[in-house]
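Working notes, structure below.
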Amino acid sequence: MLILPIVGGSLIMLFVDVCRLCDEIEAISSRSSMISLVSNFIKNLEVNDLELAVRFIIGELFPPWEPEIGLGASGVIGCVIKVFSSSKSEFFKVFKSTGDLGLASMRIAEKIGCIPLLTASEGDLTIKDVYEGFKSIARASGEGSRRKKIRLFHGLLLRARRPVEVKYLVKLALGERRHGFSEGLMEEAIADAFNLPYELVRRAHMLTSDLGLTARIAKLKGVEGLRRQRIVLFHPVKPMLAEKANDLLSALRELGGRASFEIKVDGARVQVHKLNDKVKIFSRRATDVTTSLPEVVEVVKRVAAESAVFEGEVIALTSNGKPAPFQLLMRRFRRQRSVSELVSKIPLKLYFFDILYLNGETLIDKPYIERRKILRSVVSEDVIIETLITSKYEEAQTFYEKALKDGHEGLIAKDLESPYTPGVRGKKWLKIKPVFNTLDLVVIAAEYGHGYRASMLSDLYLAAYNPENNEFEVVGKCFTGLTDEELIWITKRLKEVAIKEEGRVVYVEPKIVVEVAFDEVQKSPHYKSGLALRFPRIIRIRDDKSPLEVDTIQTLSKIFEEQRGRRKEAT
DNA sequence: GATGTCTGCCCC
DNA sequence: ATTCTGC
DNA sequence: GCAGAATGGGCAGACATC
């Protein structure tokens, strides 16, 4: 991180100015207005302030590959309550009406008449002060670190002189945004501020993965700097994303009748960076997971290339070398302790599927088929994900069926000519997964939502029937799938059948039945039923079904066993 | 050592 | 995952 | 029609507390 010691007096950017800007943004919904507002704000900032301000405005503190502060709602709110002599119940009351922790904190600060705010001794917080403050919090680790983090955040809050600073200190700490201005619009604001082509800013952002750095390059080096931007080893590139296809045939058609089909394994996506013997592995969201995966590091070290960036998928294997449940992989994935003991207990395998950089050359603009060729020249076939390139639907169908039979999730169809486009747009990769069966479940409780859903019961507790004890047992919570209109309706209905309210949770009579889609049944250490749905989403409200007709725990158990069976039989 | 709380982010 | 909204 | 933004779940691991 580049921070220069001193800048000319009037140029120093105060934190409160960023806060006020964010408040303005929050009040408008027009994207173009937001962009010009931000553009004007960042246009004349000194470059170090620019880098920080750009991140702060989109609600980020650090580049994505750096560790987070390690404080969440509980710790942060505890600090707010203490600094402003409030109480949990008071905070909770304010929060319930807004659904926004930052806003609630500001109200608490306002309520006590800003006495600690006015006694702040060290003058206004600059954005650099705020950055340094959070940096110290992030650095604390190990025993006693939680107390230390809380003490440091406490100190930061004490230096706020205005309630609005409290609001955004809390939002930054928690990663709350909710002002409708995020990465995509910031790219446009940077382009506008420094009078540069949007596409170049966007491309540089893809490669740096950090808007602060992108803004710095834009201001200091302009068009040429953006154009010259290459992949930086050990700074993860944003992953290219896949879109869902309806089925195999439509995917093949959409990609022009001929495509590459890669097996989609149920693992975790990684980006691997290598320079001679130095290797780093990043998760999909740019977390450094190198220390958790020593055997993967070894595989990469042996790759015959001086420097390279690969994309791949890591999965766990069962004792017979077949794909293991995702939950097993997660025991390894971000583990810090006893890693070496787990290496033999839960073996992992890395499958490569793309290469973005090789010996100094950035490859993302080359077509898929060419990157594939380069990949095959660098790593051996047995560590590359199984692939079929075909224009024949029947062949692809057979391959798909085999993938499912082997216990994999499905296929990814890829456009043979497409470059690697990090980020969201230009999706030339299509996910093909079987349509899952749905279950009918009954709602037995619901929770109030956050943000604009604060007044609605948007989070439903879903239960299956257990005939053995004649009870409805929770197998998951679900918030997604309903339209706003349906949410309003269901909130009203739930209140009619409410039994009791505890905090944010409203318990209701088992009356309302919903049809729920899901990806998998998992073992749950959390629910009494011992089962939980993976990725539940509501398909529709079943007015026509009575609670007695919902699916049973036994049905879920059966689905769970079938999943296991598929993995065991896999050959 | 066992249990509980909190946090962040794998997969959607 | 889903839905809503600006453009 | 599209991209961007906002909504949220279950879970394992790290730290705190008994």
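Naming convention: chains lettered A, B, ... in sequence-line order (proteins, then strands); numbering from 1 in each chain. Scope of the values below: all heavy atoms of this structure, side chains included, with no hydrogens, waters or symmetry mates.
Checked against a 6.0 Å centroid threshold, the rings of A/F535 and A/F518 do not count as neighbours.
Relative to the six-membered ring of A/F261, A/K414 misses at least one condition, a distance below 6.0 Å or an angle of at most 45° to the axis.
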Chi angles and distances behind the salt bridge (Lys or Arg N to Asp or Glu O under 4.0 Å) call for A/R55, A/D210: CA-CA 8 Å; A/R55 286 204 205 101; A/D210 176 33; 2.9 Å; yes
Give the C-alpha distance, both sets of side-chain angles, the deciding distance and a yes or no for side chain to side chain contact (heavy atoms under 4.5 Å, CB included) between A/V38 and A/F181. CA-CA 10 Å; A/V38 173; A/F181 191 88; 3.6 Å; yes
Scoring nucleotides 2-7 of chain C by protein non-hydrogen atoms under 4.0 Å (B base, S sugar-phosphate only, - none) yields BSSBBS
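Checked by atom type and distance alone, the side chain of A/E515 never pairs as donor or acceptor with a backbone atom of A/I538 at under 3.5 Å.
Considering only the side chain of A/R177, D/dA6 comes nearest among D/dA6, D/dA12, D/dA14.
Salt-bridge annotation for A/K477 and A/E447: present, with a side-chain N of the basic residue lying under 4.0 Å from a carboxylate O of the acidic one. Using a cutoff of 4.0 Å between basic side-chain nitrogens and carboxylate oxygens, A/K96 and A/E501 are scored as salt-bridged. Between A/E313 and A/K349, none of the side-chain N atoms (NZ, or NE/NH1/NH2) sits under 4.0 Å from a carboxylate O, so this pair counts as no salt bridge.
Only one option out of A/E311, A/R284, A/K238 pairs with A/Q271 in a side chain to side chain donor-acceptor pair (under 3.5 Å); it is A/E311.
OP1 or OP2 of D/dA6 has not a single side-chain nitrogen or oxygen of A/H450 nearer than 4.0 Å. Listed pair A/K431 / C/dA1 meets the phosphate criterion, a side-chain N or O lying under 4.0 Å from OP1 or OP2.
Using a 4.5 Å heavy-atom cutoff, the side chains of A/H235 and A/W65 are in contact.
Ring geometry, A/F472 versus A/Y465: the interplanar angle falls from 30° to 60°, so the pair is classed tilted.
D/dG8 and B/dC9 are spaced 13 Å apart, taking the C1' atom of each and rounding to whole Å. Going from the C1' atom of B/dG8 to that of D/dG10 covers 13 Å, rounded to whole Å.
Both A/K264 and A/R334 lie close to DNA chain B; mapped to their nearest nucleotides by heavy-atom distance, the more 5′-ward contact belongs to A/R334.
Using a 4.0 Å cutoff to heavy atoms of chain A, the contacted part of DNA chain B runs 5' to 3' from B/dC6 to B/dC12.
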Nucleotide-level pairing of DNA chain B, given in dot-bracket where Watson-Crick and G-U pairs need both distances under 3.5 Å and | marks other strands: ||||||||..||
